[in-house]
Amino acid sequence: MSSPEIASLSWGQMKVQGSTKTYKDCKVWPGGSRAWDWRETGTEHSPGVQPADVEEVVKKGVQTLVIGRGMSEALKVPSSTLEYLEKQGIDVRVLQTEQAVKEYNALVAQGVRVGGVFHSTC
């Protein structure tokens, strides 16, 4: 099962191949996607993406995880999250969201078991 491509991205809106929903923030993994609701884990721009935010995607068996920090890179990624991913043996890429989507889609095209968490504003 492959990861769905990000079909489109603009400020505050993302569309994922195979889904009829428009996401503001989303999580994607081989075979699926869903909205990323920051309230589930108490996430804020700082300290940023928590291990609990990426755990669901990691459990889907990804080799690589791409994190989109927002259009202006306002979303932080603390060392605790990077350490968690390293301990899981996950290759992680942290980029500005437009660059993150390009990287993610390129990895999908290469057949990598890739997942992502993307923030589409700030």
Side-chain angles (χ1 to χ4, degrees):
M1 191 175 330
S2 63
S3 300
E5 285 189 17
I6 305 297
S8 67
L9 168 68
S10 60
W11 184 273
Q13 296 187 344
M14 298 181 73
K15 290 194 179 280
V16 176
Q17 185 179 23
S19 175
T20 58
K21 296 179 181 168
T22 299
Y23 301 116
K24 176 180 167 238
D25 301 314
C26 72
K27 297 181 180 187
V28 289
W29 58 83
S33 66
R34 77 170 182 92
W36 175 19
D37 183 350
W38 292 15
R39 293 172 294 192
E40 293 172 355
T41 56
T43 296
E44 296 182 9
H45 286 100
S46 184
V49 182
Q50 304 299 302
D53 292 314
V54 298
E55 182 180 26
E56 174 184 13
V57 178
V58 168
K59 286 182 175 180
K60 303 290 185 181
V62 300
Q63 300 168 307
T64 302
L65 181 73
V66 180
I67 299 174
R69 294 189 49 214
M71 300 300 219
S72 302
E73 298 185 89
L75 180 61
K76 303 214 180 308
V77 181
S79 59
S80 59
T81 301
L82 298 176
E83 289 165 9
Y84 165 76
L85 291 165
E86 185 178 305
K87 285 180 184 171
Q88 303 299 314
I90 306 294
D91 174 31
V92 63
R93 320 258 172 111
V94 179
L95 301 160
Q96 183 267 357
T97 295
E98 290 164 307
Q99 294 304 313
V101 166
K102 286 178 186 171
E103 178 75 6
Y104 170 86
N105 281 344
L107 291 165
V108 169
Q110 294 169 28
V112 174
R113 284 191 60 80
V114 61
V117 291
F118 301 103
H119 177 47
S120 72
T121 61
C122 28

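For the numbers below, each heavy atom of this structure counts, side chains included, while hydrogens, waters and symmetry mates do not. Along the sequence shown, the residues carry numbers beginning at 1.
Cys26 and Val16 get closest at one heavy-atom pair: SG-CG2, 4.2 Å. The minimum heavy-atom distance between Val28 and Val57, with the atom names listed, is O-CG1, 3.5 Å. Between Val108 and Pro4, the shortest heavy-atom distance links the atoms CG2-O, 4.3 Å. The minimum heavy-atom distance linking Val62 with Gly115 is given by the pair CG1-N, 3.6 Å.
Linking ILVMFWY residues whenever their side-chain heavy atoms come closer than 4.5 Å, directly or via other members, places Val92 and Val58 in the same cluster. Leu95 and Val117 are members of different hydrophobic clusters when ILVMFWY side chains are connected at heavy-atom separations under 4.5 Å.
The shortest side-chain heavy-atom distance between Leu65 and Leu85 falls under the 4.5 Å cut-off. Between Trp38 and His45 there is a side-chain heavy-atom pair separated by less than 4.5 Å. With a 4.5 Å cut-off on side-chain heavy atoms, Trp36 and Val49 count as touching.
Among residues two or more places apart in sequence or in another chain, the side-chain contact (heavy atoms from CB on, under 4.5 Å) test is passed with Lys76 by Ser46. Judged as a salt bridge (Lys or Arg N to Asp or Glu O under 4.0 Å), and not counting sequence neighbours, the contacts of Lys59 are Glu55.
Interatomic distance, CD of Gln50 versus OG of Ser80, reported as 6.0 Å (0.5 Å rounding).
For Ser3 (side chain) and Val114 (main-chain N/O), a donor-acceptor pair under 3.5 Å exists by modelled atom type. Checked by atom type and distance alone, the side chain of Lys27 pairs as donor or acceptor with a backbone atom of Asp53 at under 3.5 Å. A donor-acceptor pair under 3.5 Å links the side-chain atoms of Thr97 to the main chain of His119, judged by distance alone.
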Could you walk me through whether Phe118 and Leu9 pass side chain to side chain contact (heavy atoms under 4.5 Å, CB included), step by step? CA-CA 10 Å; Phe118 301 103; Leu9 168 68; over 6 Å; no
Walk me through whether Leu82 and Val94 qualify under side chain to side chain contact (heavy atoms under 4.5 Å, CB included). CA-CA 9 Å; Leu82 298 176; Val94 179; 4.0 Å; yes
Working note: Met14 + Val101, criterion side chain to side chain contact (heavy atoms under 4.5 Å, CB included); need CA distance, chi angles, decisive distance, verdict. CA-CA 10 Å; Met14 298 181 73; Val101 166; 4.0 Å; yes
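Applying the side chain to side chain donor-acceptor pair (under 3.5 Å) test to every pair with at least one member in residues 99-113, sequence neighbours left out, gives these pairs: Arg93-Glu103. A side chain to side chain donor-acceptor pair (under 3.5 Å) check over residues 4-15, counting only residues at least two apart or in different chains, returns the pairs Lys15-Thr22. Applying the salt bridge (Lys or Arg N to Asp or Glu O under 4.0 Å) definition to pairs two or more places apart or across chains, those involving residues 32-46 are Arg34-Glu40, Arg34-Glu56, Asp37-Arg39.
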Please report, to 0.1 Å, the donor-acceptor pairs under 3.5 Å made by any side chain of residues 68-75, with sequence neighbours excluded.
from  : atom 1 : to    : atom 2 : distance (Å)
Arg69 : NE     : Leu75 : O      : 2.5
Arg69 : NH2    : Glu73 : O      : 2.7
Arg69 : NH2    : Leu75 : O      : 3.3

